[in-house]
J.: 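Okay, handing you the structure first.
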Amino acid sequence: MNTVTNLLIALVALLHVYFLVLEMFLWDKPFGLKTFRLTPEFAAASKALAANQGLYNGFLAAGLAWGLCLGTPGYAVKIFFLACVVIAGIFGALTVSRKILYVQAVPAIVALGLLTLA
């Protein structure tokens, strides 16, 4: 169970690295425009905000990686950062797109549930 839980936590961390790349580096590029359904004008105007958001996603990924590197003593670290991901995902689903709930919050909720059961 611990291996499955840690793999899922690693997946959540990797998703947030992916979000970082999308928001910090690809926001105004064709892939980013298509992914977020943005106009070039809106992407240019919101590029700094997206980069800031991407940086926060990187911090979430780093926190989860830190918890994984700590092993068993990293339990509280993993709980904290997974809870942050869940809250961010729910907020994003309520304010931006319901899709965020499924892409961001649900994997973190499952990982959090498995972690508390392990």
Side-chain angles (χ1 to χ4, degrees):
M1 180 89 132
N2 284 341
T3 302
V4 172
T5 301
N6 285 335
L7 286 173
L8 189 53
I9 292 169
L11 174 66
V12 172
L14 288 173
L15 280 170
H16 282 78
V17 169
Y18 176 66
F19 301 152
L20 174 148
V21 171
L22 278 173
E23 294 166 348
M24 291 190 80
F25 306 110
L26 301 176
W27 185 257
D28 60 348
K29 307 295 185 275
F31 187 76
L33 296 173
K34 181 179 176 186
T35 300
F36 296 107
R37 298 183 190 138
L38 305 174
T39 63
E41 297 78 22
F42 181 82
S46 60
K47 187 174 180 175
L49 291 172
N52 188 37
Q53 186 170 296
L55 186 61
Y56 283 103
N57 280 309
F59 291 141
L60 292 172
L64 291 171
W66 175 39
L68 287 170
C69 287
L70 291 172
T72 304
Y75 178 81
V77 173
K78 291 182 265 190
I79 292 285
F80 174 78
F81 281 97
L82 285 170
C84 289
V85 170
V86 170
I87 293 166
I90 291 170
F91 184 78
L94 292 172
T95 59
V96 179
S97 168
R98 183 171 288 182
K99 181 180 176 185
I100 295 171
L101 181 70
Y102 304 108
V103 174
Q104 183 174 2
V106 168
I109 289 168
V110 173
L112 191 56
L114 290 174
L115 183 61
T116 58
L117 293 174

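Residue numbers start at 1 and run along the sequence shown.
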J.: Going by the rule side chain to side chain donor-acceptor pair (under 3.5 Å), which residues pair with E23 if we only count those two or more places apart in sequence or in a different chain?
T.: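 Per chain and number, E23 pairs via side chain to side chain donor-acceptor pair (under 3.5 Å) with Q53, N57.
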J.: Applying side chain to side chain contact (heavy atoms under 4.5 Å, CB included), name anything that partners I87, two or more places apart in sequence or on another chain.
T.: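 Result, side chain to side chain contact (heavy atoms under 4.5 Å, CB included) vs I87: none returned.
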J.: Tracing side-chain links under 4.5 Å among I, L, V, M, F, W and Y, which residues wind up in one group with I100?
T.: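 Joined to I100, directly or through intermediates: V96.
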J.: Show every salt bridge (charged side-chain N to carboxylate O under 4.0 Å, His left out) that has at least one partner inside residues 64-88, sequence neighbours left out.
T.: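 Pairs touching residues 64-88 that pass the test: none.
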J.: Sequence neighbours left out, what passes side chain to side chain contact (heavy atoms under 4.5 Å, CB included) with V110? Give chain and number order.
T.: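 In terms of side chain to side chain contact (heavy atoms under 4.5 Å, CB included), with neighbours along the sequence ignored, V110 is linked to L8, V106, L114.
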J.: Pairs of donor and acceptor atoms involving the side chains of residues 60-77, under 3.5 Å and at least two apart or interchain, shall be tabulated with distances.
T.:
none

J.: Going by the rule side chain to side chain donor-acceptor pair (under 3.5 Å), which residues pair with K47 if we only count those two or more places apart in sequence or in a different chain?
T.: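 Side chain to side chain donor-acceptor pair (under 3.5 Å) check on K47 returns D28.
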J.: To the nearest 0.5 Å, how far apart are CG in L94 and CG in L101?
T.: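 So the CG of L94 and the CG of L101 are separated by 8.0 Å.
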J.: Quick check: is F59 connected to L22 through a chain of hydrophobic side chains (ILVMFWY, heavy atoms under 4.5 Å apart)?
T.: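 The answer is yes; both residues are in one hydrophobic cluster.
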J.: Only distances under 3.5 Å count here; give the side-chain donor-acceptor pairs of residues 36-46 to other protein atoms, sequence neighbours excluded, each with its distance to 0.1 Å.
T.:
residue: T39; atom: OG1; partner: F42; partner atom: N; Å: 3.0
residue: S46; atom: OG; partner: W27; partner atom: NE1; Å: 3.0
residue: S46; atom: OG; partner: F42; partner atom: O; Å: 2.7

J.: About how many Å separate CG of L7 and CG of N2, when rounded to the nearest 0.5 Å?
T.: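 The CG atom of N2 sits 11.0 Å away from the CG atom of L7.
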J.: In this structure, which one of L82, L117, T5 forms a side chain to side chain contact (heavy atoms under 4.5 Å, CB included) with L112?
T.: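 Only match with L112 under side chain to side chain contact (heavy atoms under 4.5 Å, CB included): L82.
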J.: I need the minimum non-hydrogen distance between A108 and V85, along with the two atoms involved.
T.: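 Nearest pair, atom of A108 first, then V85: CB-CG1, 3.4 Å.
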J.: Enumerate, atom names and distances included, each donor-acceptor pair closer than 3.5 Å involving a side-chain atom of residues 9-18, sequence neighbours excluded.
T.:
residue: H16; atom: ND1; partner: V12; partner atom: O; Å: 2.9
residue: H16; atom: NE2; partner: Q104; partner atom: NE2; Å: 3.1

J.: Is L55 reachable from L49 through a run of I, L, V, M, F, W or Y residues, each pair having side-chain heavy atoms under 4.5 Å apart?
T.: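 Each belongs to a different hydrophobic cluster.
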J.: Do any pairs count as a side chain to side chain donor-acceptor pair (under 3.5 Å) and have a residue in residues 109-118, sequence neighbours left out, and if so which ones?
T.: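 Every candidate side chain to side chain donor-acceptor pair (under 3.5 Å) pair involving residues 109-118 fails, so no pair, neighbours aside, qualifies.
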J.: Give me the other members of the hydrophobic cluster that F91 sits in, counting Ile, Leu, Val, Met, Phe, Trp and Tyr linked by side-chain heavy atoms under 4.5 Å, directly or via other members.
T.: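 The other cluster members (ILVMFWY side chains, heavy atoms under 4.5 Å, direct or chained): none.
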J.: Could you give all pairs that pass the salt bridge (charged side-chain N to carboxylate O under 4.0 Å, His left out) test and reach residues 85-103, with sequence neighbours left out?
T.: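 Matches after skipping sequence neighbours: none remain.
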